[in-house]
Amino acid sequence: MNYVIIGNSAAGIGAAEAIREVDAESAIVIISDEPESAYSRALISYELAGWIDKGELTFRPPEFYTEKNIEVQSGQRVVKIDTSVNEVHLRGGDTVPYDRLLLATGGSPQKTGVKGEEKEGVFGFRTYGDLQKIYKSVKKAKEGIVLGGGCIGLQAASGLHHHKIKTTIAITSPHLLSQVADPECGDFFQALFEDNGIKVKTGVKPLEFKGGDRIETVLFDDGTELPTQLVITGKGVKPNTDLAQGTKIEIDWGIKTDDRMATAEPNIYAAGDVAVTKDRVSCESTVNAVWPCAYEQGRIAGLNMAGKKVAYDGSMRMNAADFFGVSFISIGIVKPVDAGYESHSYFSQDQKIYRKMVFKGNHLVGAVLVGIVDNAGVLTNLMRKRVDVSTIKNDLLQGRYDFAVMSKLIKDQMESFQEPEYQEIVVV
Amino acid sequence: MPDKRKVFVVSNLCTGCRTCEIACAVEHSQSKTLLGAISEELPPRYRIQVQAGDDLKLPLNCLHCEEPDCLFACKSGAVSKNPETGQVSVDMSRCVGCWMCVMVCPFGAAQPDHHRGKVIKCDLCEGRAGGPACVEACPTRALFYGTNEEFRAFIEEMKQIGIIGKSA
Amino acid sequence: MANSRISVDPATIKAHDHAREREIPTVWERHEAMQPICAFGDLGLCCTICYMGPCRIDPFSKEDVGGACGAKKDTISARNFTRATAAGAAAHSDHGRGVCQVLLDAARGEAKDYQISDIEKLKTLAAELEIETENVSYADLAAQVARRFFDNFGQSEGYIDLIKRAPEGQQQRWKKAGVYPRAIDREVVECLHRTHIGVDADHRSLILQAVRCALADGWGGSMIATDVQDVLFGSPKPVRAKVNLGVLKQDQINVVVHGHEPLLSEMIVVASRDKEILDYAKSKGAVGITLSGICCTANEILMRQGYPVAGNFLQQELAISTGAVETMIVDVQCIMPGLTEVAGHFHTQVITTSEKARIPGAKHLQFEEHRALDFAKTILKSAIDNFPNRDAGKVDIPQEMMDLVAGFTAENTFHHLGGTFRSSYRPLNDGIMSGRLRGVVGVVGCNNVRIPHDSGHIALVEELLKHDVLVIQTGCSALACAKAGWLRPEAAKEKAGQGLREICETVGIPPVLHMGSCVDNSRILVACAEMVKEGGVGVDISQLPVAAAAPEAMSEKAVSIGLYAVASGITTFYSPAPRILGTPAVLDYLTKGMEKDFGACWVFEDDPIKAAHGIIEHLDRKREALKLDPMMYPVKISRSA
Ligand SMILES: Cc1cc2nc3c(=O)[nH]c(=O)nc-3n(C[C@H](O)[C@H](O)[C@H](O)COP(=O)(O)OP(=O)(O)OC[C@H]3O[C@@H](n4cnc5c(N)ncnc54)[C@H](O)[C@@H]3O)c2cc1C
Ligand code: SF4
Ligand code: SF4
Ligand code: SF4
């Protein structure tokens, strides 16, 4: 058996590790167009912000590949999949045969579509390569602009701030973290960032990146023009689906997969930021481009590729971060659009605590926690298992959701708690 | 047969005295003494928490899951599971305090430590001569350290001698 | 448990081994079974005062949110500390009240078996209390003194009388701090009131009330007990006696008195000399009756009657497990309920005699002061009747036994230093001023199973003696050093530094002076006051080169003693610390803040050698402040220990 994995990141590594749990012998080849060995792209913002040492981005030790007997081909771009002969073609012309193939190609930053986007000093923020380019500009820059108010944008802004750059976050939405939190919560973080010396400009769209070869100013639709030597864009990520062309693989924004992470093409699987999966909470098909989902999908794909029959119970929208010592976790549906949901929130400016819970019927479907994030995983689990939480709803609303509270549900909804750990806990 | 030993809980033997918490904190202190521990600059934190339900007292620490969500979620590769012992451990030098594991641990066993900027999780008192401090400290034997089989046998024994109800 | 964790006394180790072989659990085994000790309780962070609780404060938590009522750790541990003080003061003082009652009954002729033995002391006391002594019968005088003391317990105006014995410096500090004790019972009650849920929550204010209560003990309840006992049974005079389990006799009827009040034990002493009783004993095949004591009852009959001591607090069960004790007669305080379990393995009968203390498994015979001697005889007869039940096969008495001299008091102790003709504190003060003596340290208190039995007392006192410190002792601490042989005059040669030795040898006293039982710690207060009065070593107790130590403290009484000592200006080295270590604020007040208010503080040092060195440094600081002569025979502290 020949396993070929395109992508040397969360999903790819998850798959390789899973395959090795089942199949110690067969050849595994991981191909990646990035020159580095596996690193966590989610940590580039940490490095920029000085929270971790430079070069500390690897998420598996150097001996990992040899220990697991995995062949890596770094800096090799796959340009085509030939499903007729089960081979992938590398840019240099070489081919690699496969019996099972995983597409774990992730995503790329979306273009902003703003005039002047190609100028020097305007960066996406996705790869180690991007980070190196930003470092070069950082030295010369006095002012910087981050376009985007999501977690990554905020981390990027913290990063520039760390390098003593006067930083402004400019966003089209009326408040920060608009995808994952309420205005109240966004405003709280805005105040936090401003207190720490980072400006936030809301409700503005960039119209043009101006300057010569290098960026000099950004013109916004409210007429303001901010001088800057460095722009980080964060418009969002688009799945890298190019390789699906010419195959039966179905695309719907990302690559469509079934509950074994298989694509419509036999022997080809997809996982991670490139894959469309069913969301456990909303039950809609979507790309949940976060690390835990990528790894887990890779793992499920790997197990199935190696012959196990393991179903994926679905992905989940979630994210965690820490800004200036204030923790933030957002899970599931936190900004419901229709009336079928019930939201409760609690906010204390003084204590720097915010908590929001979203219910649909008897189910918890979303939560935002700021400040105190202990036991967040219990909430994640309640959503993930879609259990009836009516009997503990009051506890949840009052911020009591440690495992003891949740354990009340186990007896009555035993079928949802089949993992061995639950048997251990409720043994007597 | 791999030696998968961990801390098991017999919740109805727990009196809620929280001695395990203290023992854990002391074990994870610089001084390893109670008085030393409480006066440390940055007091140690315990990895086991006695949680309270309606009529439940539940000392809870890491379950060293078969399929550890924390490991899957850790974006810095700090979490690993030892295939021999089953122990899920965190390499503190790699933990970046992103709270991904906190977000996914179904038991709340991975807790954020804001003062150190790292996660707090049971390490089974690795390297401690007497085994887990919490188990040794529990005055009612509500905590048990061993393999699953040993634990089942222990439960049976406790039932035989009537310390825990047969119906339980 | 390793023997080194049990005791440093060979007799104790042997007796314990003997009990262990027979699988008789004693305090050591029970204490081991108690492990782990609850850290919340140990640190003083557990509150059981109201019924919303129990509440406990997490010593590691980021913030102290307080118990259910909002009491934070400062409040909780200060309340617990105050309650412990109140309980300790109550125990001493209730003892004082009991002997006052007997004094009154004796004066009225209702307790015929008691008489006024020390007329001089009675007269002095009456004069001190400003009671007219001319043309008044002794009985009347005694009745007046007793009534006056009764008033000290419950009066609603004024202050306790004997507090006036304290030097002016102390008086002023107490008034300034608002802790001048009013009535003994009142201070105890007020401690309980203030520590009820929702009353006093300020840790300093709570501790100051505890101070007031402790002062009412030291200069009140305890002092009354001491003085009235002296009046009733005579002031002690130096006597020779024997100590340790070896005093129990194979061929005799062994009766052990254990507890605190001398009321019954003094009568048993009388009864045991009764010919009829002795004949009865012989009729049962015994050579005679050996009466010995444990704990403070032992100290009482030791210092007044020269009766032998079987052991101190941690030896109480072991006395029984020798298998040779017919009867153990107990009254109040420090009597382990575990005694009857141990007694159950032998023929020994444990007899409770106080209406305040009954113990499951013990026989209760209610002591009646009005027919005290008869009662004592009845008890002795029952002990004699029990002799034939003794199982010789189970008898195993360790042979260890030591000579000692006991019976020093505030009045007589230091007078010895001057010889019979110069009866004053002058020679003591001179000895200190000239640098022959470094100072005087009271080493007192209990045994505590957390510390190897006697080890703290022995190590600490040995180190002090080397450095020319005159040691005065009471309670179980005195008995520990007695067993080590340091209460013999010869010990001066063996243990004392050059200066101390010279003084001891000249006067013919041991380097360690036995000053009585726990209530007799009041004698130490009086001695300090006398030193101040004599002049030359400070005008306030806190300036004296003196200190106190309780290296194996165990009881709430010890807390009260420690607190009145500190509040009276005597810096006190205490181990193990009362349950306040989890609360920096309370710890800080006791170990630093009190220095400002009272000129002395607590020092919590568990290592007895380090404590001894701390004491030496403390004495040297005091000497320096007084500009006294340098030590005549300086000894370097060896830090290697
Ligand atoms: C700055 C930043 C911060 C983030 N922070 C978080 C966070 O806090 N929490 C969180 O959950 N997620 C975070 N994420 C998202 C997370 O990193 C992704 O969800 C995760 O990396 C997805 O992993 P993946 O394996 O699916 O794809 P990717 O990590 O995108 O990896 C794709 C791999 O495929 C390779 N590849 C792609 N195309 C080809 C090709 N044609 N030929 C060869 N190789 C190819 C690439 O070289 C790469 O190795 C962050 C992302 C960024 C950029
Ligand atoms: S931290 Fe949580 S998820 Fe991880 S192994 Fe422990 S219990 Fe399982
Ligand atoms: S907090 Fe530490 S252990 Fe947890 S996911 Fe983040 S890096 Fe990994
Ligand atoms: S095993 Fe050790 S680290 Fe784990 S909870 Fe117990 S005491 Fe703490």
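The model shown is predicted, which means the values in this text are computed figures rather than measured ones. Just so it is clear: chains get the letters A, B, ... in the order the sequence lines come, proteins before strands, and each one is counted from 1.
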Which answer fits [X], side chain, backbone, both or neither, if we ask what part of it has an atom under 4.5 Å from a heavy atom of chain C?
X	result
L34(B)	side chain
I38(B)	both
A23(B)	neither

Problem set entry | Contacts of type ring-ring contact (aromatic ring centres under 6.0 Å, His included), residue F313(C), not counting sequence neighbours |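 F313(C) satisfies ring-ring contact (aromatic ring centres under 6.0 Å, His included) with no residue once adjacent residues are dropped.
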
For this session: Report yes or no: do N448(C) and E552(C) form a side-chain donor-acceptor pair below 3.5 Å?
Result: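 No pair is found: no donor N or O on one side chain lies under 3.5 Å from an acceptor on the other.
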
Problem set entry | Within 6.0 Å of CE in M92(B), more than 12 heavy atoms from elsewhere |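 Result for CE/M92(B): enclosed.
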
Exercise. Should we count CD of E341(C) as having more than 12 external heavy atoms under 6.0 Å?
Worked result: no

For this session: For S560(C), check side-chain contact (heavy atoms from CB on, under 4.5 Å) against everything at least two apart and list the hits.
Result: T85(C), A89(C), A214(C), D217(C), Y564(C)

To see if you've got the definition right, give the donor-acceptor pairs under 3.5 angstrom between chain C and chain B.
| from | atom 1 | to | atom 2 | distance (Å) |
| --- | --- | --- | --- | --- |
| R56(C) | NH2 | G16(B) | O | 2.4 |
| D58(C) | OD2 | R18(B) | NH2 | 3.4 |
| D58(C) | OD2 | Y46(B) | OH | 2.1 |

Exercise. Mind checking what makes side-chain hydrogen bond (donor to acceptor under 3.5 Å, both in side chains) contact with T82(C), not counting sequence neighbours?
Worked result: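 T82(C): no side-chain hydrogen bond (donor to acceptor under 3.5 Å, both in side chains) contacts found.
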
For this session: Hey, can you tell me if F151(B) and F8(B) have their rings parallel, tilted or perpendicular (30° and 60° cut-offs)?
Result: parallel

